[in-house]
A.B. asks: 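Handing you this structure, nothing more for now.
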Amino acid sequence: MIFRELFAKEADEITERDETALDSLRRRVGAAIVVVMVFFSLIILRLWSLQINHGEEYRNRADSNRVRIRQVAAPRGHILDRKGREIVTNRPAFNVVLMREDSRDLDDVLKRLAPILNEDITVLWNRVREASGTPRYLPIRLKEDIDWKTLAFLENHNKDFSGIRIEVQPVRVFHYQDLAANVIGYLGAISKTELEEADKTVYRGGDLIGKMGLEKLREADLRGEKGNNYSEVDAKGFERKLLKSDDPMPGREIRLTLDVDLQQAAESLMEIGEKSGAVVAMEVKTGRLLAAVSTPHIRLNDFVGGISHERWQELLDNPKHPLLNKVVQATYPPGSTYKVVTALAGLATGVITPDTPIYCPGHYTFGNRRYGCWKKGGHGTVTLMRALEESCDVYFYLVGQRVGVDTLAEFAGKFGLGRKTGVELEHEKSGLTPTKKWKLSRYQTKWQDGETLSTAIGQGFNLASPLQICQMTATLANGGKLFRPQIVEQVTDPDGKVVQTFRPELLEEIKGFDKYLALIRQGLVGVVNGPHGTARSAKIDGITVAGKTGTAQVVKVAAYRHLKEEDIPYKFRDHAWFTAFAPAEDPEIAVTVLVEHGLHGGSGAAPIATAVMKEYFRDRLTARAEEIARDTH
Amino acid sequence: MNLFRIDRRLLANFDFVLLILLLLVCAAALSNLYSASYPPKSLSATPYLKQGIFLLMGFAVFLVVISVDYRELLFWNYPFYFLIILLLVLMYFIGYEANGSQRWINLGFFKLQPSEPAKLMMVITLASYYSRKEVVDGYSLKQLVVPLILTGVPFLLILLQPDLGTAMMLAIIFVSMTIFVRLKLSTYLILGTTAIALVVVAWEKVLKPYQKQRIQTFLHPEDDPMGNGYQILQSKIAVGSGGKFGKGYLEGTQGHLHFLPERHTDFAFAVWGEEWGFVGSFIFLGLYFALLIWGLYIAMNARDRFGVLLAFGVVILIFWQAVINLLMILGFLPVVGIPLPLVSYGGSSLMTTMICFAILMNVRMRRFQP
């Protein structure tokens, strides 16, 4: 303690110093106050700059730091038939995805997951590798659309598979299998070029987009609006909480003019014997398409979740072109169905009257060439009615020759031939109605008069799509009104608001020839109902059907003509047309059938049209049958 | 031996302004720490609770410290000095490692960071030395040899830990206090020239390229957004995004989502800035400023030279730490491990700071004593 006493004494001494030195020291504390003030002012100024001047900017940076937006796919709009029956809707598909942020021990997880998903582990690893360039928070899809058993297993054992999640995604479901497959079309992942052209606010890589058919044409209506989940993310990328979520807006519902029953009736018959061809049914007074069949067709389910390379190659290699929608994308010589045009041209120009007799010896010699009638023995003397009913070629050769090819083309045009109908289907072909001018510019050679003869019976350069022939038939049936064929009845918003509704669209009208059109209709009634009609098989008891058969020559050269029909190789056989309308008294529906290599309209095509019509008139036919049954009892 | 005797006169001189300012700042700091550690992970481990306990302990120590006349420190300063040196040396043997530097000694109930009391010890040592050796017309170089050695030893020990920030603080305290007691003009010139020469030599000869690179990154943090620049940038985003009125208490996003590093220690004020905005920051810094100015006012009115030096020393210790920490948070200085006294989480720092304020109160209470 002596030590302490010693220092204590010194301490006393120190504190007893004179006041002047102490005062100068105290004054210097004032200088320190100035220093403190300067630094604090600097800090306040800096705060002002950060928080007031640049506050907004830093706020945005803070938000972009922390908010992550995940898109939620919108359910695509439903596609219904005219009566509201669902053709295409959506169902939830369960995809197995990997969240890289939550994943631990990926190697082991994938090893155990592969057998459960029934996949090879290399497939899973490839998926992971392919996605290595994408942002880490985006899930990697390991397998799409797993079955419920796998789903249940994974849900129950989710603790064992770190980073593995189930993602729900709406996918297309088809309630009538492949009904109207080529009209509806398919979806696929958006391609690079599509993405470049697309609205960037709407589409992102990996999105599904309509690739064909109405899915493509009506993409804007069907796609809906994606939803967004805004979640807060921490510095390590973990999502901490959901801040806000905008639900996706489902796509618009599209009601088609198609009728499932008619479509099915046509498709089922076309599928017998794997016929290649098209069937079109149209409401003659409106232009509504009731059926639009193209066979063979794509299989819609092949495209859900992406089509395999093999299946795609198969579609490309198939000689019957299942990817084509033959309703509008394939054209054929219209054959004898074209005689409707020739007949009207003849009557309208006055080169014939309904009673003008023409003698058919079975052929017609023009120049140094012999033009045959399909009936080698000849029809004898025919007038218009019989010429139509029995489809006498010689009669129409003469009519054609008298009116000339350009007049034929003019009348073909009145029926809508030679140009696109404007239907809402992709890649529609305009067909071909030859004229002298066309041939000169196309081939730099003069029109040969003999070619007029072929044109008059729908062969030669003539080309028409099944839809065009149907439109022509409807125009004939309704007294000359050329309607634009339409396929969409109504488009409705998810909240029920009707966005678009069907309105018949009259393109043109044949005026002043009502009498002649009626005559031709009468002739076509004979085709089905007359004693020598070429399509007597298409007759329906109780409904007067009128129609016209046709044969589209595949090979001009008569190399195979001498052969029996069944001996002609398939690809050289003629295409069979049948186009009809009913009831003849007050036509409602026009049906056109084309069967590729179907040989004869009457046998190859007419039964299909009949089936469609029977389906259309089913209620009336049943009522009539009941009536008859009552009467007999 | 009335070491712990407090007479009525002392109580009459108790400084409520200092106490209230201190309590206000502590309350704000504790609430901020609650937000910085929100949402709580587990009750026992949350920093704000521990800090609250330290704060209570701190006030207990505060009461003990004010009951002893500060002049006793003139005796106790060398024993303290050697104790701290001993602890700093001991750290090399029983030190607790954190982030690759030995900074803690585990006392069982408390992990002591000897570098924190070392700062205070430096203030006390220099204050007592400069009051013993009073020179009227400024200190000469020769008279500075002892304080230089007294500072140099702990400086080197802490620098080798390596804790550059605290070592620099010791140097700053030495410079501040030495300038405060005034030097001869010649001493200023000699020391100034030597210091500049040392920096130049160090830059040209001693520092390796990667060390220079690091310093340059310090000076331009935006060039290195994922390293040290990342911390500064996130801190600036946090404070800046607070705007005028802030995002609201517990509503800050930078802090809660871990974008802000060290958000309850060195960057705690950034949480405050984000949640309370400019207005709240202004009010808080105003309180802090008032506390420091009041401390200097106490220094100005101390009864003797030792009291002035001691009060000045502790205020300047808190001031420099605060300024360096705030300038770092606001993006003016590189990241150095300097806490904001009272605000940053840390028991050693808080205890040391509470003792600083207790010393201030002590000086204040005894300003009229003979």
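Chain letters run A, B, ... following the sequence lines, proteins first, then strands; residues in each count from 1.
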A.B. asks: Among Leu296(B), Val315(B), Ile316(B), Asn301(B), which residue has the highest count of heavy-atom pairs closer than 4.5 Å to chain A?
C.D. replies: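 Most heavy-atom pairs within the cutoff with chain A belong to Leu296(B).
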A.B. asks: Does any heavy atom of chain A fall under 4.5 Å from the side chain of Ala302(B), the backbone, both, or neither of them?
C.D. replies: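 Looking at Ala302(B), just its backbone touches chain A.
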A.B. asks: Does OH in Tyr139(B) sit with more than 12 non-hydrogen atoms of other residues, nucleotides or ligands closer than 6.0 Å?
C.D. replies: yes
A.B. asks: For a quick test of reading the model, state the closest non-hydrogen atom pair linking Gly240(B) to Tyr58(A) and the distance between them.
C.D. replies: C-CB, 3.5 Å
A.B. asks: Shorter than 4.5 Å, heavy atoms on both sides: which option in Gly277(B), Ala299(B), Gly295(B) has the most such pairs with chain A?
C.D. replies: Gly277(B)
A.B. asks: Under 6.0 Å from the CH2 atom of Trp48(A), do we count more than 12 heavy atoms belonging to anything else shown?
C.D. replies: no
A.B. asks: Side chain, backbone, both or neither: which part of Leu326(B) has a non-hydrogen atom closer than 4.5 Å to chain A?
C.D. replies: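 For Leu326(B), side-chain heavy atoms alone lie under 4.5 Å from chain A.
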A.B. asks: I'd like to know if the side chain of Arg46(A) and the backbone of Leu330(B) have a donor-acceptor N/O pair within less than 3.5 Å.
C.D. replies: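 Checked: pair present.
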A.B. asks: Leu292(B) versus chain A, heavy atoms under 4.5 Å apart: side chain, backbone, both or neither?
C.D. replies: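 Only the side chain of Leu292(B) comes within 4.5 Å of chain A.
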A.B. asks: Check Val308(B) against Arg26(A) and note the closest heavy-atom contact, atom names and distance.
C.D. replies: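 Scanning both residues, the minimum pair turns out to be CG2-CG, 4.1 Å.
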A.B. asks: Could you state the interatomic distance from CZ (Phe332(B)) to CG (Leu42(A)), rounded to the nearest 0.5 Å?
C.D. replies: 5.5 Å
A.B. asks: Nearest 0.5 Å please: distance from the OG atom of Ser281(B) over to the CD1 atom of Ile43(A).
C.D. replies: 11.5 Å
A.B. asks: Which region of Val239(B), side chain (C-beta onward) or backbone (N, CA, C, O), has a non-hydrogen atom less than 4.5 Å from a non-hydrogen atom of chain A, or is it both or neither?
C.D. replies: both
A.B. asks: Could you report the tightest heavy-atom contact between Val29(A) and Phe180(B), atom names first, then the distance?
C.D. replies: CG2-CZ, 3.5 Å
A.B. asks: Side chain, backbone, both or neither: which part of Ile52(A) has an atom under 4.5 Å from a heavy atom of chain B?
C.D. replies: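 Contact with chain B is through the side chain of Ile52(A) alone.
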A.B. asks: Pair Tyr288(B), Phe40(A) - check side-chain contact (heavy atoms from CB on, under 4.5 Å), show working.
C.D. replies: CA-CA 10 Å; Tyr288(B) 214 97; Phe40(A) 267 76; 4.1 Å; yes
A.B. asks: For Phe278(B), is there any backbone N or O sitting under 3.5 Å from a side-chain donor or acceptor partner on Gln51(A)?
C.D. replies: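 Yes, Gln51(A) side chain to Phe278(B) backbone: donor-acceptor pair under 3.5 Å.
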A.B. asks: Taking the side chain as every heavy atom from C-beta outward, state whether Met300(B) and Ile33(A) have any atom pair closer than 4.5 Å.
C.D. replies: yes
A.B. asks: I'd like to check Lys236(B) versus Arg61(A) (side-chain heavy atoms, cut-off strictly below 4.5 Å). Are they in contact?
C.D. replies: no
A.B. asks: Using every non-hydrogen atom in the two residues, find where Val323(B) and Phe39(A) come nearest and quote the distance to one decimal.
C.D. replies: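 Shortest heavy-atom separation between Val323(B) and Phe39(A) comes out as CG1-CD2, 3.5 Å.
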A.B. asks: Need one label for Phe289(B): side chain, backbone, both or neither, based on atoms under 4.5 Å from any heavy atom in chain A.
C.D. replies: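 Both parts, backbone and side chain.
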A.B. asks: Heavy-atom pairs under 4.5 Å with chain B are the metric here; pick the option from Arg59(A), Glu56(A), Glu57(A), Met37(A) that has the most.
C.D. replies: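 Result: the option with the highest number of such pairs is Arg59(A).
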A.B. asks: For Leu22(A), does its backbone N or O pair with a side-chain atom of Arg305(B) as donor and acceptor, under 3.5 Å?
C.D. replies: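 No, because the side chain of Arg305(B) does not come within donor-acceptor range (under 3.5 Å) of the backbone of Leu22(A).
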A.B. asks: Under a 4.5 Å cut-off applied to non-hydrogen side-chain atoms, are Leu285(B) and Leu47(A) in contact?
C.D. replies: yes
